[in-house]
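Just below is one structure, and these are the notes that go with it.
Only heavy atoms go into these numbers, but all of them, side chains included; no hydrogens, no water, no symmetry mates. If you read the sequence from its start, that first residue is 1, and numbering goes on from there.
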Amino acid sequence: MNDKLQINMLGGFSLQYRDKVIDYQKSRSHKLWLILEYLITFRDKDITQDELINLLWGDEFTENPANTLKTLLHRLRSMLNELEFAPSKEMVLYNHGVYAWNNNLECVIDTEQFMHFCELGDETDNPEEKITHYMRALEYYKGDFLPKSSLEPWVVSISTYYHSEYLRLVHICVALLKDAKRLYEVITLCQQAIAIDPYEESLHYELIRALLDTGAQQAALTHYEYVVDLFYSEFGINLSENLTTLYQEIIRTSNSVEVDLSIIRDKLQEEDDSPGAFYCEYALFKEIYHLECRSASRNGQSIYLCLISATDGNNHVLENLKQHNVAIDQLRNAIQYSLRRGDVFTRYSVSQYLILLPTISYENCEMVLKRIQRNFKLNNSHSKVTLTYKIQPLTPNM
C-alpha cells in the first residue's frame, strides 16, 4: 500500500492518500481550492498573509479579509483532515503571518514526476531510452495545469509551459517511433494527445499519416473529414497545405489488388448512396473540375463554375461564429438538395461553396442558383445571412 500522498495538478486537482480522495466534489468554494493550489504550486517558498489576500480578492473590496482568510484556512484544514494522512496543521504550516506547504511530507506530485522524466529523456542520446522516459512523462500529463483555475494570471504562464513541454515530448516521441517503424504506437500516442489538445493540427497530420501508412485508408479519410469540420466550426479556417496534400494521397491510395470487378462495383455503389448532389473536399473537387474540362474539350459541352457566398449583407462573414456555422450548414443542405444528383460541390472558404454545373445553359444555371437562395430562405426565414453568387462559364478549350 502506498503511504505517500498523491497530488495531481495536471488535468484536474486532487489529493489522494490510500483510498481517501479529496477533489472539487468535496467543496464548491473556489477560493478554498485556490489557496491549496497556490500553496502546493509554490511549496518552496513562504507565503505571507497579504499575498494570499491579494490572491483571493485582488483590488476587490472585502470587509476584514484577514478574518475571512482565517475562516477559509480553517475549512481547508478540516477538509485535509479527511485524508487521514497527517494532522492538517502539519500539512499547511503557519508561523508569524507566513503560510507554507510542508515539504517534509512524503508526497508524489504529478508535475514533479512529469518534469523528472522529461529531464531523464533529455539527458540521454539513446533513442529507446528517450522513448521510455518521455512516455513515462506523458503518462502523468492528463490535461492542462489546474484547469479549474485556468483564468488565474499565475496559472496561465505555468500551464503554458507544461503544455508546450507536453507537445514537445509528443512530437519527439512520434518522430522516434516513426524511425523505429512502430506506427501503431504513433497512432495510439496521437489519439491520446488529440484528446488533450484537439486543435494541434500537426498531431492530426501525424495520425492520418500513420493510419495511411498502416493501410487504414478509410480510418484516415474519416479522421480527415472530422478535422475539416472541426477547424471550420471552431475557427472558420481551412486546413494547411500539408493536410490537403495528404488527403489527395488518401483518395489515390489502395492497399490491395481486387480482381473481382463485381465486388469493386458493389463497393462503389455502397459509397454513393447519399441523396442530392455530390459533396467532396476541395482537393477532389479540383480533380473532378479538370476531368470535366477535358471532357468538355472533346464533346464541346458547356460547363459553369459557380461561387455562392454567405455574408452579412456587406460582404463580411457573420461576427457570431455560432450563427455563421449554422447558416453554412444550412447552405450546404440547400445546395445539396437543390442540385441534380450528378452535380458536384465543395466548400471553398469559411463562407463560400463552389459548384460545378456541366451540360447546362447560363439561364438554367441562374435558375439553379436562385432555387438555392429560395430553398435556403425557406428554411432560414429569420437568418441574417445574405446569399450572393457568381457564375463563370468555362470554354471547352480551357
Are any side-chain N or O atoms of N67 and backbone N or O atoms of N64, one a donor and one an acceptor, separated by less than 3.5 Å?
-> no

Can you find a pair of side-chain heavy atoms, one from L167 and one from L203, that are under 4.5 Å apart?
-> yes

Do L76 and Y94 share a hydrophobic cluster, counting only Ile, Leu, Val, Met, Phe, Trp and Tyr and linking them when any side-chain heavy atoms are less than 4.5 Å apart?
-> yes

Is R332 positioned over the aromatic face of Y353, cation under 6.0 angstrom from the ring centre and no more than 45 degrees off axis?
-> no

Among Q192, Q113, H163, which residue meets the side chain to side chain donor-acceptor pair (under 3.5 Å) test with Y141?
-> H163

When you measure from the side chain of T124 to the backbone N and O of G121, does any donor-acceptor pair fall under 3.5 Å?
-> no

Give a yes or no on whether K70 atom NZ has more than 12 heavy-atom contacts from other residues, nucleotides or ligands under 6.0 Å away.
-> no

Within the distance-only criterion (no hydrogens, no angle test), does the side chain of S149 pair as donor or acceptor with the backbone N or O of E152 below 3.5 angstrom?
-> no

Test R347 against Q352 for side-chain contact (heavy atoms from CB on, under 4.5 Å), laying out the working first.
-> CA-CA 6 Å; R347 191 166 179 177; Q352 295 174 303; over 6 Å; no

Between N375 and S338, does any side-chain donor sit less than 3.5 Å from a side-chain acceptor?
-> yes

Are there more than 12 heavy atoms of other residues, nucleotides or ligands under 6.0 Å from atom NZ of K20?
-> no

Is the side chain of N380 donor-acceptor paired with the backbone N or O of F376 at a distance under 3.5 Å, no angle test?
-> yes

Salt bridge flag under 4.0 Å for residues R209 and E249 = yes

Verify, without hydrogens or angle tests, whether H204 (side chain) and P198 (backbone) share a donor-acceptor contact under 3.5 angstrom.
-> yes

Note, L52 side chain near L72 side chain (heavy atom, < 4.5 Å) | no

For E200 and I194, run side-chain contact (heavy atoms from CB on, under 4.5 Å): C-alpha distance rounded to whole Å, both residues' side-chain angles, the deciding distance at 0.1 Å, then the answer.
-> CA-CA 7 Å; E200 179 69 21; I194 286 168; over 6 Å; no

Can you list the steps and then say if F345 with L357 is a side-chain contact (heavy atoms from CB on, under 4.5 Å)?
-> CA-CA 9 Å; F345 71 108; L357 296 176; over 6 Å; no

Would you indicate whether the side-chain heavy atoms of I355 and V344 approach each other to under 4.5 Å?
-> no

Contacts of type salt bridge (Lys or Arg N to Asp or Glu O under 4.0 Å), residue R374, not counting sequence neighbours | none

Side-chain heavy-atom pair T68, W57 within 4.5 angstrom cut-off = yes

Thinking salt bridges, do R182 and E128 make one under a 4.0 Å N-O criterion?
-> yes

Examine the side chains of Y38 and E51 and answer whether a donor and an acceptor come within less than 3.5 Å of each other.
-> yes

Should R18 and E84 count as an ion pair when the cut-off is N to O under 4.0 Å?
-> no

Decide yes or no for Y224 and V228: does some side-chain heavy atom of the first lie under 4.5 Å from some side-chain heavy atom of the second?
-> yes

Using a 3.5 Å cut-off and no angle test, enumerate the donor-acceptor pairs between side-chain atoms of residues 95-108 and protein atoms at least two apart in sequence or in another chain.
| unit_1 | atom_1 | unit_2 | atom_2 | d |
| --- | --- | --- | --- | --- |
| N102 | OD1 | N104 | N | 2.9 |
| N102 | ND2 | E90 | O | 2.7 |
| N103 | ND2 | R43 | O | 2.4 |

Does the side chain of K130 reach to within under 4.5 Å of the side chain of L120, using non-hydrogen atoms?
-> no

Around atom OH of Y184, are there more than 12 heavy atoms of other residues, nucleotides or ligands at under 6.0 Å?
-> no

Pair Y162 + Y166: ring centers closer than 6.0 Å | no

Taken in chain and number order and not counting sequence neighbours, the residues that satisfy salt bridge (Lys or Arg N to Asp or Glu O under 4.0 Å) with K31 are none

Could you list the residues that satisfy side-chain contact (heavy atoms from CB on, under 4.5 Å) with D110, not counting sequence neighbours?
-> N8, M9, L10, Y140

Is there a donor-acceptor pair under 3.5 Å between the side chain of E281 and the backbone N or O of E225?
-> no

Should we say atom OH of Y161 is surrounded by more than 12 heavy atoms from elsewhere, each under 6.0 Å from it?
-> no

Tell me, please, whether F13 has K148 positioned over its six-membered ring: NZ or CZ under 6.0 Å from the ring centre and within 45 degrees of its axis?
-> no

CA sep, side-chain torsions, deciding dist, call: L354, C306, side-chain contact (heavy atoms from CB on, under 4.5 Å) | CA-CA 6 Å; L354 276 175; C306 311; over 6 Å; no

Contact check, side chains of I328 and V385, non-hydrogen atoms, under 4.5 Å | no

To the nearest 0.5 Å, how far apart are CG in L56 and NE2 in H30?
-> 9.0 Å

Assign the ring pair Y282 / F285 to parallel, tilted or perpendicular, where the plane angle (0 to 90°) is split at 30° and 60°.
-> parallel

Donor-acceptor pair, S150 side chain versus L146 backbone, under 3.5 Å?
-> no

With sequence neighbours left out, the residues meeting side-chain contact (heavy atoms from CB on, under 4.5 Å) with D122 are Y134, R168

Taking C-beta and beyond as the side chain, do M79 and W33 meet within less than 4.5 Å on heavy atoms?
-> yes

Which residues pass the side-chain contact (heavy atoms from CB on, under 4.5 Å) test with E363, sequence neighbours left out?
-> S361

